[in-house]
Amino acid sequence: MTVHSFQEHFDKKIDGDVAIEPRDWMPDDYRKTLIRQISQHAHSEIVGMLPEGNWISRAPSLRRKAVLLAKVQDEAGHGLYLYSAAETLGITRDELYEQLHSGKAKYSSIFNYPTLTWADMGAIGWLVDGAAIMNQVPLCRCSYGPYARAMVRVCKEESFHQRQGYEIMLTLANGAPMQKKMAQDALDRWWWPSLMMFGPPDAESGNTEQSMRWRIKRLTNDELRQKFIDVTVEQANILGLTIPDKDLKWNEERGHYDSGAINWDEFWNVVKGNGPCNKQRLDTRKKAWADGQWVRDAAMAHAEKRKARKATAKAA
Ligand code: FAQ
């Protein structure tokens, strides 16, 4: 088969919605785009454990602590599925970690904001997991098989996360005036960064057009952001909380909410590493990696010893 016919075969599969699997031929740029997106996604799950991990020891009850602990563990699991999916494309786990630790690889902007009160656990579950689900449900139909399959399980778990967050918000919003104030304050701080999670506006998104053609992305950044706004406004109404956007208004003609302008300077500043917690988050990940060196050394020593013992037994 010539490269030309490999390409034709690949295009046919994409057009026919047949999944591309690790051993199939694929264009270099398709592989590169997938490694970039899946690894950014994996790093986001792992770094995303930090803002919530910060509150495990301060959860207001044993029940809340157990639920939060389980949620944060789930995020670690998501990171591991996603690193495994990226590895099927020919990159090693060590290379992926190196890219994160050196600052070469991106992770979601949202995790560079601080978690100041318990209500932030509610806001993250409700808004951040809510936005993640909105983005990830279409990824269950991504053209690359291992990524699409990982997303199915991730989305199921994210739904539980979203509900636990919403339930925290509901409890606070129906609690004492001070609790309701805390919930509103968390919404005020997390609303705009959550909208930024979907990425830059379509006109400025360098990857969307090609990723849509390859059926990696099924909806554009702006389409997903709009869907998220439309469902979340209704949820805020039920909570009796106010979305911090004075331009938010139902548009009968469009059948969608119109919303105010997003501060894209803030977004790019965070993406470039200058958000409130970028340095702290990366330092924590690098320290965790360095602190785990003895575990990796011990595992390697154990494996070497077993190998040597097996070789001796075979020779005897
Ligand atoms: N933050 O051309 P586009 C979660 C970058 S998981 C930082 O539009 P694309 C679970 C982008 O990489 C959250 N960087 O890019 C959880 C590109 O730069 P590059 C993560 C961003 O890939 C919940 C440049 O800007 N989810 O939350 C961001 O077509 C709670 C231009 O952008 C995923 O990763 C951003 N927000 O679309 C965990 C989902 N947005 O690489 C713990 C999978 C864009 O060219 C607790 N990823 N950039 O140098 C995607 O769907 C896509 O990659 C997008 C971006 C939509 C994020």
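Quick note: numbers below take in every heavy atom, side chains included, and nothing from hydrogens, waters or symmetry partners. Remember, it's 1-based here, ligands and their atoms both numbered in the order they're listed. Treat the numbers as computed from the prediction; the structure is a model and nothing was measured. Residue numbers start at 1 and run along the sequence shown.
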Can you say whether the rings of F228 and F198 are parallel (under 30°), tilted (30 to 60°) or perpendicular (over 60°)?
-> tilted
Check N221 against ligand 1 and report side chain, backbone, both or neither, counting heavy atoms closer than 4.0 Å.
-> side chain
Among all protein heavy atoms, pick out the one at the shortest distance from atom 4 (C) of ligand 1; state its residue, atom name and that distance to 0.1 Å.
-> A132 CB, 3.8 Å
At a 4.0 Å threshold, what atoms of ligand 1 neighbour a non-hydrogen atom of E158?
-> 10 (C)
In terms of atom number and element, which parts of ligand 1 are under 4.0 angstrom from non-hydrogen atoms of M196?
-> 36 (N)
For atom 24 (C) of ligand 1, grab the closest protein heavy atom and report residue, atom and distance to one decimal in Å.
-> W268 CH2, 4.1 Å
Check: Y147 N/O within less than 3.5 Å of ligand 1 N/O | no
If you draw the axis of the six-membered ring of W55, does the NZ or CZ of R64 fall within 45° of it and under 6.0 Å from the ring centre?
-> no
Would you tell me whether E234 and Y257 have side-chain atoms, one donor and one acceptor, within less than 3.5 Å of each other?
-> yes
Atom 36 (N) of ligand 1: closest protein heavy atom, distance to 0.1 Å, is S109 OG, 3.1 Å
Heteroatom distance test (R36, ligand 1): nitrogen or oxygen, under 3.5 angstrom = yes
Considering only protein heavy atoms, which is closest to atom 37 (O) of ligand 1, and at what distance to one decimal place?
-> K217 NZ, 3.0 Å
Of all the non-hydrogen atoms in the protein, which one sits nearest to atom 50 (C) of ligand 1, and at what distance?
-> Q37 NE2, 3.5 Å
Does a donor on one side chain sit under 3.5 Å from an acceptor on the other, for R254 and Q226?
-> yes
Nearest neighbour in protein (non-hydrogen) for atom 21 (C) of ligand 1 | F267 CZ, 3.9 Å
Heavy-atom contacts under 4.0 Å between F198 and ligand 1: side chain, backbone, both, or neither?
-> backbone
Salt-bridge present (R218, D17; N to O < 4.0 Å) | yes
is_close_aromatic(Y107, H41), centroid dist under 6.0 Å | no
Output the list of atoms in ligand 1 that are nearer than 4.0 Å to some heavy atom of E45, sorted by atom number.
-> 6 (S), 10 (C), 16 (C), 38 (C)
Is S44 close to ligand 1, meaning an N/O of one under 3.5 Å from an N/O of the other?
-> no
Donor-acceptor pair between T115 and N54 side chains, under 3.5 angstrom = yes
Counting only heavy atoms, which portion of Y107 has something under 4.0 Å from ligand 1: side chain, backbone, both, or neither?
-> backbone
Show which atoms of ligand 1 fall inside a sub-4.0 Å distance from at least one heavy-atom site of G199.
-> 40 (N), 44 (C)
Identify whether the distance between the nearest side-chain nitrogen and carboxylate oxygen of E21 and R149 falls below 4.0 Å.
-> yes
Examine the side chains of Y81 and R153 and answer whether a donor and an acceptor come within less than 3.5 Å of each other.
-> yes
Show which atoms of ligand 1 fall inside a sub-4.0 Å distance from at least one heavy-atom site of G48.
-> 42 (C), 46 (C)
Polar proximity ligand 1 side, S211 side, N/O cut 3.5 Å exclusive = no
With K180 as partner, the option from L172, L239, L241 fulfilling side-chain contact (heavy atoms from CB on, under 4.5 Å) is L241
Scan side-chain atoms only and decide if W264 and E266 contain a donor-acceptor pair under the 3.5 Å cut-off.
-> no
Thinking salt bridges, do R163 and E167 make one under a 4.0 Å N-O criterion?
-> no
In terms of its nearest heavy atom to atom 8 (O) of ligand 1, the top option of P193, G165, S205 is S205
Nearest to atom 51 (O) of ligand 1, what protein heavy atom do you find, and at what distance?
-> N135 ND2, 2.9 Å
Can you tell me how far the OG atom of S39 sits from the CD atom of E95, to the nearest 0.5 Å?
-> 11.0 Å
Atoms of ligand 1, numbered as shown, that sit under 4.0 Å from any heavy atom of Q40 | 11 (C), 12 (O), 53 (O), 57 (C)
Contact between H78 and ligand 1, counting heavy atoms under 4.0 Å?
-> no
Would you check whether H161 reaches within less than 4.0 Å of ligand 1, judged by its heavy atoms?
-> no
Starting from atom 19 (P) of ligand 1, locate the nearest protein heavy atom and write down its residue, its atom name and how far away it is, to 0.1 Å.
-> K106 NZ, 3.5 Å
Any heavy atom of V271 under 4.0 Å from ligand 1? The part involved is side chain
Pick from L224, T33, N207, L139: the one approaching atom 45 (O) of ligand 1 most closely through a non-hydrogen atom = N207
Are side-chain N/O atoms of N251 and H256 paired as donor and acceptor at under 3.5 Å?
-> no
Give the ring-plane orientation class for W289 versus H101, where under 30° counts as parallel, over 60° as perpendicular and anything between as tilted.
-> tilted
Pull out every atom of ligand 1 sitting under 4.0 Å from any heavy atom of P200, numbered as shown with elements.
-> 8 (O), 31 (C), 32 (O), 44 (C)
N/O to N/O below 3.5 Å, does that happen between G206 and ligand 1?
-> yes
Would you mind listing which atoms of ligand 1 come within a distance below 4.0 Å of any non-hydrogen atom of K71?
-> 30 (C), 46 (C)
Side-chain donor-acceptor pair under 3.5 Å between T88 and Y147, yes or no?
-> no
Under a heavy-atom criterion of less than 4.0 Å, does E52 contact ligand 1?
-> yes
